[in-house]
Amino acid sequence: MMTYQPKSDFLRTMVERGFLQDCTDFEGLDEALLTGVVPGYIGFDCTADSLHVGHLTQIMMLRWLQKTGHKPITLMGGGTTKIGDPSGKDEARQLLTTEQINDNMAGIRHVFERFLTFGDGAQDAVQPNNADWLDELNYVSFLRDYGRHFTINRMLSFDSVKLRLDREQPLTFLEFNYMLLQAYDFMELNKRYGCGLQMGGSDQWGNIVNGIDLTRRINRNQVFGLTTPLLTKADGTKMGKSASGAIWLNADRLSTYEFWQFWRNTLDADVGKFLKLFTELPLEECERLATLEGAGINEAKILLANEVTTLAHGAEAAAAAEATAREVFEKGGVGDDLPTVSLPAGETSVVQLFVKAGLAASGKEAKRLISEGGAKIDDEAVTDAGLMIDVSGTLKLSAGKKRHALVKAD
RNA sequence: GGGGGGGUGGCAGAGCGGUCAAAUGCAACGGACUGUAACUCCGUCGGGGAAACCCUACACAGGUUCGAAUCCUGUCCCCCCCA
């Protein structure tokens, strides 16, 4: 695959920056991208009101698509979310109301607006909702008009299906149908927007290929698909989890300081990869930074954190986060950007203080922290779990060396 | 429909009448080392309580026992094989 040198800006960027896992027709897509504006889409579930770093590869890909002169389509799975894609899930997803789904779509839209330009222009991003066409689907006519184009033989040959069958895990009819609906989405987007490209994670390959086939058969249009590699950290663990949970891209869900910290704590070995994927720094710069060692790579992580935070939350948020981090970690001081909790002034037990500040999940955990010597108030180690604290002014609480929070008296 | 095997802490997976808040591994958290890394090492890891101590837990509901995650009965769920 890599023997072909792409000529289009978009594909070249994708290859150089490590976005590309696979493509259905590398040369064909390249040509289409050179010929005119190619609307390209990625589908997103509406299960939460924000997206997280696990989506960031896809988001950046859409951003590059727009930057290189094409049209991004962020398809909301409003229709499919009502059913729920059960693949990989242990239990059936709880059903969301239409209202919840709409709220979630609005939240997701907020995230995208930071990365993409929406509007009515040829290269402006649009955000359709597949409920608009899936809700009206009639089972019998769907089977008759579209079901005929899918053979079970072929569907069984897809890895996503084969894996499940090989592992002797049940695959419900619902899941099996999911790929038909997604194929239908692609075809519909091709009709409505002239969409010529679907992108997604490597696990979406089968679904994407089905959409391409269906679009060719029904619309008689040649469309393309490309996938991104599954992102893992250098130590083999999943990317995008932190102590407190998912790394949300929405400031309501995760403070910009904590978001910044997530990137600041990138493993050495991942710095280059993340710079290329999640920032827009020139390629050579990314590669140079990745080769640094010791203090150098440490500074590179700050740069990474600043760049990603600027994209997701703006330059001001990034600067504030960096200032706080430098104050806290380099000078041992206090920064405004630390997670802050307000409490009524007065006496509280240390244990409760740590729980309320979000530094301990339970009183037991707070006590454990204290007995292990990891709990500090204004940098003084707490030794007595029975201590009563008079909350007044601002206190800096620390759990270990990295987790800090401020408590303010009302 | 018949036969068999299972459901244990965030996950994986022991335990199969008392010494079990439950081995071990992973994850997580704290500490040492450092660069706010990685690796390694040490410690912690159901909840409430300052503590003594108390409470809830081995799918669910009952039962047998001085005593049950462990035995019995019923219910629900999962997997496998046969039809």
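Throughout, a chain's letter reflects where its sequence line sits, starting with A, and its residues are numbered from 1. Computed from a predicted structure; not experimentally measured.
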- Looking for any heavy atom pair under 4.0 Å, which part of the strands does A:Glu330 touch: base, sugar-phosphate only, or nothing? nothing
- Task: Give the nucleotide from the list B:C29, B:G35, B:G48 with an atom nearest to the side chain of A:Asn298.
- Result: B:G35
- Message: Under 3.5 Å for both donor-acceptor distances, Watson-Crick or wobble: does B:G74 have a partner, and if so which one?
- Response: B:C60
- Task: Tell me yes or no: between the side chains of A:Ser50 and A:Asp252, is some donor less than 3.5 Å from an acceptor?
- Result: no
- Query: Who does B:A28 pair with, Watson-Crick or G-U, both distances under 3.5 Å?
  - Reply: B:U44
- Which whole-number value in Å describes the distance from A:Glu365 CD to B:C45 P? 12 Å
- Query: Does any donor atom in the side chain of A:Gln204 or A:Gln182 lie under 3.5 Å from an acceptor atom in the other side chain?
  - Reply: yes
- Message: I'd like to know if A:Lys401 reaches the base of B:G30 with its side chain, counting only an N/O donor and acceptor under 3.5 Å.
- Response: no
- Message: Does A:Glu372 contact B:G31 through a side-chain donor or acceptor facing the base, at a distance under 3.5 Å?
- Response: no
- Rounded to the nearest Å, what distance is computed from the CZ atom of residue A:Phe329 to the C1' atom of nucleotide B:U34? 14 Å
- Query: Can you tell which of B:G35, B:G30, B:U36 lies closest to the side chain of A:Ile297?
  - Reply: B:G35
- Message: Both conditions, 6.0 Å and 45 degrees, for the charged tip of A:Arg264 above the ring of A:Phe329: are they met here?
- Response: no
- Residue pair A:Glu293/A:Met388 against RNA chain B: nearer the 5' end by closest nucleotide is A:Glu293
- Query: So does A:Glu293 have more than 12 non-hydrogen atoms from other groups sitting under 6.0 Å from CD?
  - Reply: no
- Task: Taking only the side-chain heavy atoms of A:Asn265 (C-beta and beyond), determine which of B:U36, B:C29, B:A37 contains the nearest atom.
- Result: B:U36
- Task: Mark yes or no for a side-chain to base donor-acceptor pair under 3.5 Å between A:Lys367 and B:G49, with no hydrogen or angle criteria applied.
- Result: yes
- Atom CD1 of A:Ile370 to atom P of B:G43: distance rounded to whole Å? 22 Å
- Message: Of the options B:U44, B:A50, B:G49, whose atoms approach the side-chain atoms of A:Ala385 most closely?
- Response: B:A50
- In whole angstrom, what separates A:Lys364's NZ from B:C45's C1'? 12 Å
- Message: Within the 4.0 Å heavy-atom criterion, would you say A:Ala361 contacts the bases, only the backbone, or no part of the nucleic acid?
- Response: nothing
